[in-house]
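For reference, the structure discussed in these notes is given below.
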There are 2 protein chains.
Amino acid sequence: MKQLTIVKIGGNIIDDAGRLSDFLRLFAALEGPAILVHGGGKIATALGRRLGIAPQYVQGRRITDAATLELVTMVYGGLVNKQLVAGLQGLGCPALGLTGADGAVLRARKRPVQHTDFGFVGDLDASGVNTGRLQLFLDAGLRPVMAPLTFDGSGSLLNTNADTIAAALACAFAPGCAVRLVYCFEHKGVLASAADPQSLIPQISAAEYAQLKDSGIVTEGMIPKLDNAFDALRQGVAEVIIGHALELPSLLNHQTGTILT
Amino acid sequence: MKQLTIVKIGGNIIDDAGRLSDFLRLFAALEGPAILVHGGGKIATALGRRLGIAPQYVQGRRITDAATLELVTMVYGGLVNKQLVAGLQGLGCPALGLTGADGAVLRARKRPVQHTDFGFVGDLDASGVNTGRLQLFLDAGLRPVMAPLTFDGSGSLLNTNADTIAAALACAFAPGCAVRLVYCFEHKGVLASAADPQSLIPQISAAEYAQLKDSGIVTEGMIPKLDNAFDALRQGVAEVIIGHALELPSLLNHQTGTILT
């Protein structure tokens, strides 16, 4: 069976040049086909501040107006994506930077206006992933590096959460392929106590996840990530692992991090 | 013999949403394999002003310091490139946005410091073009859309003139391929009198070009473009045409514009 490793890298690693460089070395050394998905929200917020584009939130969720879409197109599709690609190429890793519009690889639906108009935000599921096009790149030995931008098929880019993109990619490739989905961030994995880095939970089943949510141990920021992750497992993704970006090889060997089952 | 059309589109068309949309329609309707190369200097200058990054020139040539490299990476690799790609995809044209780092398609040499340190500027010739990788994309039916950014092979992006990139691409594909190189801008072609749009020179040979330069008819801004163009013809490029972006089909049919011979 074919294998594919999908790694999502979060903003706190991307912000830190030293840690990012260490992470890129680990990603470049991975064996077999792999895709990197990145965020960049903090950098976008910082640049937005310099440009007088204040982040707007409704119910804790960011609104993407036209100015914000331009901002994230510059930061995610340009600055962050191209620096990652150039960095990986410098390590001999054949990276290919993509937004969802490039080669039409990720087609999303602009979120319908109900109570809130989220603006240029795209909802993506596995049906929007052009696996044929991505497989062409993978078969050519290229490593796609995906910015958190999708497109609507009618000329507009859309802002889409990077965790969601990673999960949609994993689900789309799951039929006929052993997909490992790895969420990398600045913590060792899911912690029983946010204040205690030693309180790593090495394994969580779907039933245990429901309990952790009920008891308030899993905090707000982790819930969308874990919801995505358990959904991916239900759709046939072989493994979902959550852990520290600089422990990528150990995460893949199940020596550390949180594995979801 | 295989055919390839390479179109360079300049900043004054990119700046104007209406004209850009008309141009993209023409480019999307082209038959056969094609590559689009774009600039974006004016947009970069405008954004730089908002960010307090003043353009620096030495002898009329822009210096690319670290802040400027970040700026052009955002604008060329992000904003402009991704808007072009999304616009083309919206027209059903299978665009794939690339900088030189993506798939290592354009590897340049950082310009050596002699009298002036130009900073992160890359000099590119045909030997730096990864034709195999680009041919893979073309064979898959994709249309590369190239930002004016190259890379040094060691982790850094470099700023490279879009006219130069178009010429280097044309020269690299010329062996075994009938390459048409089209420089599109906001004028009808090379004009005998800059003030008179009716003074179009329909055809210029290398000998005539030398006379036009001597007599001061060809102005400063056109010289690097025409030098590149005649160099491309010497290296086996089949046709070089210069003309108005919104006359692309007539340019290719030799009904208007300036053809270099």
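Convention: sequence-line order gives letters A, B, ...; per-chain numbering from 1. The figures that follow rest on heavy atoms only: side chains count, while hydrogens, waters and symmetry mates do not.
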Query raised in the report: What residues form a ring pair (Phe, Tyr, Trp, His ring centres under 6.0 Å) with F185(A), not counting sequence neighbours?
Result: H187(A)
**Report entry** ring-ring contact (aromatic ring centres under 6.0 Å, His included) pairs, two or more places apart, involving residues 134-153 of chain B
**Finding:** F137(A)-F137(B)
**Report entry** Closest-packed option against chain A by number of heavy-atom pairs under 4.5 Å, given G77(B), A86(B), G153(B), G87(B)
**Finding:** A86(B)
Requested in this report: Using non-hydrogen atoms and a 4.5 Å limit, figure out which bit of L69(B) sits close to chain A: side chain, backbone, both or neither.
Outcome: neither
Query raised in the report: At a heavy-atom separation under 4.5 Å, does L24(A) approach chain B through its side chain, its backbone, both, or neither?
Result: neither
Requested in this report: With a 4.5 angstrom heavy-atom cut-off, could you sort out which part of L51(A) is near chain B: side chain, backbone, both or neither?
Outcome: both
Query - Selection from G100(B), P94(B), A104(B), G92(B) maximising heavy-atom pairs under 4.5 Å formed with chain A - result: A104(B)
Please tabulate the donor-acceptor pairs under 3.5 angstrom that span chain A and chain B, backbone and side chains included.
| residue | atom | partner | partner atom | Å |
| --- | --- | --- | --- | --- |
| R50(A) | NH2 | L51(B) | O | 3.4 |
| L51(A) | O | R50(B) | NH2 | 3.4 |
| K82(A) | NZ | D102(B) | OD1 | 3.2 |
| K82(A) | NZ | D102(B) | OD2 | 3.0 |
| Q89(A) | NE2 | A101(B) | O | 3.1 |
| A95(A) | O | G103(B) | N | 2.8 |
| G97(A) | N | D102(B) | OD1 | 2.6 |
| A101(A) | O | Q89(B) | NE2 | 3.1 |
| D102(A) | OD1 | K82(B) | NZ | 3.2 |
| D102(A) | OD1 | G97(B) | N | 2.6 |
| D102(A) | OD2 | K82(B) | NZ | 3.0 |
| G103(A) | N | A95(B) | O | 2.8 |

Query raised in the report: Residues in ring pair (Phe, Tyr, Trp, His ring centres under 6.0 Å) with F120(A), at least two apart?
Result: none
Query raised in the report: Could you go step by step and tell me if V85(B) and L157(A) meet the side-chain contact (heavy atoms from CB on, under 4.5 Å) rule?
Result: CA-CA 9 Å; V85(B) 167; L157(A) 294 160; over 6 Å; no
